Amino acid sequence: MRNRFDDTNPAKEEEEYVQSIIDNVKWLGFDWEDRLFFASDYFDQMYEYAIQLIKAGKAYVDDLPADQITEFRGTLTQPGKNSPYRDRSIEENLNLFQRMKTGEFPDGQKVLRAKIDMAHPNLNMRDPVMYRILHASHHRTGDRWCIYPMYDWAHGLEDSIERITHSICTLEFENHRPLYDWFLDALGVYHPQQIEFARLNLTYTVMSKRLLFQLVEEGHVAGWDDPRLPTISGMRRRGYSPSSIRAFCKRIGVAKFNSMVDFEFLEHNIREDLNKTSPRFMGVLRPLKIVIENYSDQQTEELEAVNNPEEPARGTRKIPFSKTLFIEQDDFMENPPKDYYRLTVGREVRLRYAYFIKCLEVIKKDGRPVELRCSYDPATKGGYAPDGRKVKSTIHWVSMSHAVPAEVRLYDRLFTIADPVGQKGMDFKEFLNPQSLEVLRDCRIEPAMKTLKPFERFQFERLGYFCVDPDTTKDNLVLNRTVELRSSWTKLQKQRRKNQEPFNT
RNA sequence: AGCCCCGUAGUGCAGCGGUUAGCACAAGAGACUCUGGAUCUCUAGACACCAGUUCGAAUCUGGUCGGGGCUGCCA
């Protein structure tokens, strides 16, 4: 494969973007080795081709100002009018074009146009502009040029020069294909085939460069790599793996139909990959203190935990256990519904890889549980009951004195509705989800995680997949939630909420 | 309105003249489980419509309806 940038417009090409595109595409897993090209590599050749067209009487220099060109183009239903400069002699065109190149004219005073048909039903064929004058410095050619080719003129030439067999692009270029073909045929050069396909749309987000740019510029997100954005750098920072993104793309396929893929399908592919590859850890996002009354004050034990049940070869690690622990606030309920399996007063549950514990008493402050008094069964060490008794659930925990603090950023969909762009007469930003980011600063995680580096991915048991954010510093470990684990419990709750809504008023 | 493109389960794709119209996700039911995860089993669900061609049409033709794109010296 090769990588080519269509850098035909000096005003819109910035080194910064070029480099980040290169970095991101490489990260995604593509390697073009030394085959990195730019449209600007072919500027000389394109200039020669333009002269060839002029000599064939198929291109002319137009003096009409921009607004007049627009006016003369006509409309969707009305044909355009010929420019008064359309029938200049070949010699005059050659002379003028040469002088455009040497910088004799200011920006916008003249353009080179293809001589096709001002009455053509396809607007793109009404004498399209091939070259415009721009006294601007180009990031690769510097000040060598003051005329720059238009994309439509340049694109087919680049493909032809590189002898591409098929040139794929997005649907909005369908109407440009006749022009692509016309230029190549007029020149009589090698003619690749342009094929268009639909761009990807995802629910609950926006995909267009223009719209993403607005979100970044106006500060609705923290930057191009904000983990809520569907940019490659955003997905990377969110913790998506390259292989899962590739698997997703492969499965959604390509079509010529403007479709909208469920965001959940992306998440499915992420989970599928991360489930197989992520090491497991335990971390408590919203801590609730519990004290094991019949466990000795002084004692600490090292308990063995599996690193990845999907891949036993990854081995095990030790987790410290002691009298005072943290569990997740959600894992305790004083008055639980019937189908709640977790901890409640008088019920026994398993602490993962540790012991069976029973809750004896809740200590509350201002009506909220702040501490649980529990007992444990020493015979259940490691989480197995020798007498074969069952427990309804297994919950995660960390030892209070051993745990490491961390900041955890939880992400939710960027928009509150599936298609924020498709709402007639409404600005897509009206549908931004104010809760798309939630920051938890009082999380506690198991000590083995101290060595994790930025971008490392892992699973917090029962919570989801996470990764280390590059904002991490020596004293502040920052973690991003990539995606939650599927959970029949949260699903049930969502259903319940939905079913109640209509009756709520 | 002129030109171009597109219509297959809720979603995304496959199907290229003869298939019980296939796959994945989502949905529903169950099994299993030291993650309410993973895994496994099962269920429901679609060819936009109308003509025509043909022994036979989701597939070919025409029309209707519906969706999208196009009036930058942007790409």
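Because the structure is predicted, anything quoted here is derived from the model rather than measured. Heavy atoms only: backbone and side chains are in, while hydrogens, waters and symmetry mates are out. Below, chains carry the letters A, B, ... as their sequence lines are ordered, and counting in each starts from 1.
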Whether T77(A) contacts rC3(B) is assessed here as follows: a side-chain N or O lying under 4.0 Å from the phosphate OP1 or OP2. Is that the case? no
Could a donor-acceptor pair under 3.5 angstrom be found where the side chain of R342(A) meets the base of rG36(B)? yes
Ion pair R88(A)/D63(A), N-O distance below 4.0 Å: yes
Just to confirm, is there a sub-4.0 Å distance from OP1 or OP2 of rC74(B) to any side-chain nitrogen or oxygen of N9(A)? yes
Distance criterion of 3.5 Å, no angle test: do you see the side chain of E264(A) paired donor-to-acceptor with the base of rG12(B)? no
So, does R132(A) get its side chain near the phosphate of rC74(B), meaning an N or O under 4.0 Å from OP1 or OP2? yes
Please tell me if R113(A) has a side-chain N or O lying less than 4.0 Å from either OP1 or OP2 of rC73(B). no
Residue closer to the 5' end of RNA chain B, G108(A) versus K256(A) (nearest nucleotide): K256(A)
With stacking defined as ring centroids separated by under 5.5 Å and planes differing by under 30°, is Y151(A) stacked against rA75(B)? no
Between K256(A) and E196(A), does at least one N-O distance fall below 4.0 Å, as a salt bridge requires? yes
Residue pair P309(A)/K276(A) against RNA chain B: nearer the 5' end by closest nucleotide is P309(A)
How many whole angstroms separate atom OH of Y341(A) from atom P of rG37(B)? 10 Å
Can you tell me if R251(A) touches the phosphate of rC13(B), counting only side-chain N or O atoms and a distance under 4.0 Å to OP1 or OP2? no
Has T490(A) got a side-chain N or O lying under 4.0 Å from the OP1 or OP2 atom of rG36(B)? no
Ignoring hydrogens and geometry, is there a side-chain-to-backbone donor-acceptor pair from R199(A) to T170(A) under 3.5 Å? no
Watson-Crick or G-U wobble partner of rC3(B), both distances under 3.5 Å: rG69(B)
So does K58(A) pair up with D185(A), basic N to acidic O under 4.0 Å? no
Distance check: side-chain N/O of R73(A) vs OP1/OP2 of rC73(B), anything under 4.0 Å? yes
Has the side chain of R126(A) got a donor or acceptor atom sitting under 3.5 Å from an opposite partner on the base of rU71(B)? no
Under 4.0 Å: is that the gap between some side-chain N or O of K491(A) and OP1 or OP2 of rA27(B)? yes
Nearest to the P121(A) side chain among rA75(B), rC70(B), rG2(B), which nucleotide is it? rG2(B)
So, is S488(A) near the phosphate of rG37(B), with a side-chain N or O under 4.0 Å from OP1 or OP2? yes
Strictly distance-based, threshold 3.5 Å: is any side-chain N or O of S233(A) a donor or acceptor partner for the main-chain N or O of W224(A)? yes
Report yes if a side-chain nitrogen or oxygen of K494(A) is closer than 4.0 Å to either non-bridging phosphate oxygen (OP1 or OP2) of rA27(B); otherwise report no. no
Which label fits rG72(B), syn or anti, where anti is any glycosidic angle not within 90° of 0? syn
For the side chain of Q78(A) and the base of rU71(B), is some donor closer than 3.5 Å to an acceptor across the two? no
